[in-house]
Structures are given as C-alpha cells and as structure tokens.
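Take a look at the structure below.
Bear in mind the structure is a predicted one, so any value in this text is a computation, not a measurement. Below, each value reflects all heavy atoms present in this structure, side chains not excepted, and no hydrogens, waters or symmetry copies. The sequence lines fix the lettering, A, B, ..., with proteins before strands; numbering per chain opens at 1.
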There are 2 protein chains.
Amino acid sequence: MDQGEKTIDQVGEFGFIRSIMKGSVNDPEKLIRSIGDDCAVIGPYEEKVLLITTDLLLEGVHFLPGKIRFRELGAKAVAVNLSDIAAMGGIPRHLFAAIAIPRGMLVEDLKELDAGMKDMCRKHGVNLLGGDTSASHAGLFITLTVVGEADEEGVLYRRGASPGDRIYVTGTLGDSGAGLGLLKGELTGPNEIRERLIAAHNLPVPRVETGRLIAESGLATAMIDLSDGLSSDLGHICEESGVGARIFREHLPLSEALKTLCGANNIDPHELALSGGEDYELLFTVPRNNMDSLENQMKEQGHPVCKIGEIVRGKEARLVSADGTEKEIIPSGFNHFTPESQ
Amino acid sequence: MDQGEKTIDQVGEFGFIRSIMKGSVNDPEKLIRSIGDDCAVIGPYEEKVLLITTDLLLEGVHFLPGKIRFRELGAKAVAVNLSDIAAMGGIPRHLFAAIAIPRGMLVEDLKELDAGMKDMCRKHGVNLLGGDTSASHAGLFITLTVVGEADEEGVLYRRGASPGDRIYVTGTLGDSGAGLGLLKGELTGPNEIRERLIAAHNLPVPRVETGRLIAESGLATAMIDLSDGLSSDLGHICEESGVGARIFREHLPLSEALKTLCGANNIDPHELALSGGEDYELLFTVPRNNMDSLENQMKEQGHPVCKIGEIVRGKEARLVSADGTEKEIIPSGFNHFTPESQ
C-alpha cells in the first residue's frame, strides 16, 4: 500500500506532519528566524524585531469540555500565546483571534470566553485587533496569533546554549499536570490542594515580565517556555543548540501542594515535573560566570529562579538522582495523531 | 428567557458575534488601524507599516468537501489572505498556518494541501513560517495569518472615499458565484464554460500586483477586496467613508462565460456580479480629476480596470439601470449563524 493512500492516523507520526507543514522561505529579506523557536522573528525595524506565534486550541484535544470555565479558557488561550513571546524575551503587543463557534454554544458562554481573552490582554497591555469568526459544525476551535516586539540584540533563542551553562527554571513544575490528572479523575486530593493545582492547569500565568528581565539582563544564552513538559522542551534546547543536558532530580522545584497530592496518590512528583506539561514556566541557560549576577538580579527584582542542571557536550538529556545514578530523559511530547492519545 | 441563556443560532445575529469579538485597544503605541479594514496596520517602522490579517476556513462552511481538490484548497486558502493585503496596497511577506487535520484524512491529500499552499506562497515570494497543527475530531479547519508590508503613506483604507469619486473594479464579477452554483448543481452548463467558472471559484487570483500599482499611483482614495460580494463590500466602503454610492448596472464587467451560462439558465448575470461573492477582485475609488491618469497608467502597465459607478452623499448604495430606474443595493453578506445558511 502506498503511503499516500494511508490516513493520518494510520501513519501516526507527528514528525511526518511537522515535516509537511514546516516552513519554506521564498524571500529572506527582513526575516531573522523562520522556524525552530517559540516565535518567528522578522525585522529588524529601527533595531526592533517583531516576534510572531500562532497556536491552535481545539475542544476535546487541548481543552476538555466542562472541565474549564469559559472565562478561564479565554484567558488561558491568550496566556499560552503570550508565553511564547515571553520565551524569547519579547513584549506581547497585538492579538488576532480566529474562532469557530458551535451553533449550540450559549451566548453567555461566548461572552465569558470573550471576557477572559480581554482580561488577559488588558493585564499585559495587549491589543485585540479583531480576526475572524465563523459557525462550527463541530466543537469550539480557537486560533490565536500574537505579535510581540523585542530589541534585536535582546532576543533569546533556543540555539544559544553551550556546554558548561547552567539550566534554570521559573516557578514550580508539575502543578499543571497534576491539575489535569485531578480534572480527569486519575488523581484525588483534598479540596484546597485540588483547587490550587487545577488553577495551575486552567489559568496559567505567562512569565512575560520575568522573560523580559532575563533577556534584558544579557546574562542568559537560550530560553524556551515549558508547554509540552520539561522532558520535551529541554530536548528542543538541546537539539537546536547541539548539546546535551544533565538535570538534578532533587533540584526540580516542586510545590507543597504537588508533594502532598503525590504522597496521597503514591506517585512520584518528579515525573509530573518532568513530563506533566503546560506549566508555562520558562527554562533558560546561563554561563557559569553569569550565575551569581543573574540569581542576584532576579531575586532583587522579585523574580526568583531555580537552578536545576547543566548543559553538557553530547546529545542526551539525563536525569541525575541524589545517589548518583543517571537515566536518559525521554521526551514525553503529546502526539495528537496516534490512536492512543485522546 | 435571558439572552445569555440562548444559544448562538437562536440569537442568529452576525452583528452580535462581531460585537463580542471586536477589538479592544490597551496600548495604542505603534498601532495605526485596529479594526474596520481588510488588515490591521501596525507601525510605522522606518516609514514602513505592517499589515496583518487572519482568516478562518472551515470544511462545510467555507469549502465543500469533494467539490475542490486539496491542491486548489491550499492555494485558495493562501490567496484569500493575500487578497486582504492587496486590498490595502501592501506586499504580502509572511504566512502562518494553523491547521486542524481530521484523523481519517489521506496522507496524499494533506501533501496536496501543503503543496497548494506552498505554490501560492512561492508565486508571491511569501515565506511560510510554520504555525501549528493538531488532530481534529471533526473536519478540516484552516486558519491562516498573513503579514504584509507597505509604505506608511501608500496604504489605502476603506474610509477614504468622498462624494464625486468614481468607483472602479479589477477583472470581471460574478464568475466565482456562478462556479459555486455549478458545483452545488443549482446551475448547469457546457463543459468548457463550467470549467472556467468553477476555476474562478476554486482558484481565485489575488490581485497583489494590481493593488500595489493602484496604491503606488497615489491616485486612489479607498480600496477593498470583493470577498463577500460587491453589494456587501461596497457597503463597507460607504459605511467607513460615511458616503453613499451609485452603481451603473450596465457597466458591471461580465465575462462571456458568465453571460452564456446565465442565458442558458435564465438568470440575471448582474445579480451574480452584485452578490455572488468570492471574486477577490479589488474595488477602489478615484477622484474625478485622477480618472484619466489612473486609467492610462493601469492600462499601460497591463492591469486594465473598469469604472462601474460613483460615490455620492448619503448612506445608500443604489443600482442604476440603463432606463434610469434605481433601486437600493441590499448587502447579501453570508451569515454563518442563521439556521437557513448552510
């Protein structure tokens, strides 16, 4: 059977889909970065560059009907796009929304979705510049495109990490993955913890200000946001930079809520921190000589960060435990096209 | 019953949806035009501005499964976005694609879709800068965002028309609407004509070069592309410019293919020219004193245009027949949310 006669789910290779839809450059003028980072980068214009990112959110794939309030969904849809701008050190400026709306959707729900989007835009001084709406025969489909600005010299790419650089993250990891587990009923926990972790999943905070401070410091070499999970996103840094990494298991920042929940459910919180996904924290690399300056600057500005590992020669990302044992970190990237994934 | 408890199709007002999703400006810096035109306009950057437009194409709403080849669909999806850039006199530069792919789609069809998109990008020197893909539980959903460039002083808006200006269009009108009628089986015709009109519907040509020449001439005052149909799109020019219009029925440019088909099917080709939609020709206005210069310039450059009417005081657009009788032109805009529309 010819491959062309197969259907997408029979082939089931995410890499294949990616290869089909990957970029093609026909005119490189004013184009700095096409693909391979959180955003495309165009310019420079007066020493500024524009960062552009597009994300697709589908009912039943990226969000679960009935598991998130429409106001949260609107805010989250914007937040995940702002996070891509933050990951390169940019300032988000303009948002474009294309929304396919099921005919049976309640007007009140649509208003809440709209209000959630506008809440998040207002919080970050982002303009909602219209877009397109249509009726959907199926579920709710949201595509957002965000345009950000940055100084040409201040943009952080995935490709800048070198052996010897230390690896840092913002915030705590794994909370969002635990929240999803609670929403799906795979985990259980007391109400207070439950609410906090579900909020981490449904209402992530894009690290726009932190990302800008990291980029402006001039002390970091590469950055990415943690959308697919540390195991996958660290892999992107390694691949683009041509390096390997060692992550120290005991250094992964875990919230008390996550530790409590995992204790009660008898699961390892480090696994969620590595592979839970959707934390929307930033991961970045810093040369050894810049470590102290960066840690001090970030602490003084009220944006503490946590060192979790180091960049090494090679290709592999490895997890190092307290007893010195090591194992390879396998990317847990979500493949929408395999029959097993929902 | 509270309006909020109603569903979208019970309210069925396209204007309401538009009002919900309309823009909101939180930081006007480097923002020239938010909504109300074919594109948002940001900048200026070194006397250049960027034009940005987003369009949603849904299976069953914007295209009919089995009625268009995937290669044509890919090309058309790009073309309709390039047309929005053309409508403001800009040069399209970068494309972002977000595509929800049904699991059952043939790999070969996806390759054709991709090839069609890339064909159209190559033809216009546009870079495809990636985007996002996901599995769809329902049909094929395509959202494209195009970024274009223009000189700040050279952009044509919808709002620039004044009483006395003449109204021009490029190409011929109604062919695409006739093609859709043929595809739906509502019209019949001989093969040669059938193929030509269906091609006008499935493979429209964005008037990028013509739009740029019109804008560069400095002789026009307003411009829009004909996506929803002359009756609707002329209405947008009138509304944004605060004027009325008179269109001379006998001046509407009709192809021989359209006239033959309409004769055989006993329908009025002028109706299709006014309300057929999806011609993706340009409509623009020119002050009386610039008419001759513009017509000569466009003819010399191999982009002939056709004068179809004039801008007048007031609000109404009216159709004037050869015998002097007049009637109001009612916008035929497609409402995706009313139960009657498919």
Under a 4.0 Å N-O cut-off, is there an ion pair linking Arg33(A) with Glu240(A)? yes

Most chain B-contacting option - heavy-atom pairs closer than 4.5 Å, from Pro28(A), Gly43(A), Pro44(A), Gly104(A): Gly104(A)

Between Lys76(A) and Glu72(A), does at least one N-O distance fall below 4.0 Å, as a salt bridge requires? no

Side-chain ion pair, Asp114(B) and Lys118(B), N-O less than 4.0 Å: yes

Highest number of heavy-atom pairs under 4.5 Å with chain A: which of Leu31(B), Leu95(B), Val147(B)? Leu31(B)

Angle class for the Tyr45(B)/Tyr45(A) ring planes (parallel below 30°, perpendicular above 60°, tilted otherwise)? tilted

Choice from Leu58(B), Asp27(B), Thr143(B) maximising heavy atom contacts with chain A below 4.5 Å: Asp27(B)

Heavy-atom pair count under 4.5 Å with chain A, highest-scoring of Val25(B), Asn26(B), Leu129(B), Thr145(B): Asn26(B)

Salt bridge check, Asp38(A) against Arg158(A): does any charged N sit closer than 4.0 Å to a carboxylate O? yes

Considering only heavy atoms and a distance below 4.5 Å, find which of Glu59(A), Glu149(A), Lys48(A) pairs most often with chain B. Glu149(A)

Counting heavy-atom pairs under 4.5 Å to chain B, which of Ala115(A), Ala100(A), Ala138(A) comes out on top? Ala100(A)

For each of Asp55(A), Thr53(A), Ile52(A), tally heavy-atom pairs with chain B at distances under 4.5 Å, and name the one with the top tally. Ile52(A)

Applying a strict 4.5 Å limit to non-hydrogen atoms, the region of His94(B) in contact with chain A is side chain

Before accepting this row, confirm whether a basic side-chain N of the pair Lys111(B)/Glu108(B) lies closer than 4.0 Å to the acidic partner's carboxylate O. no

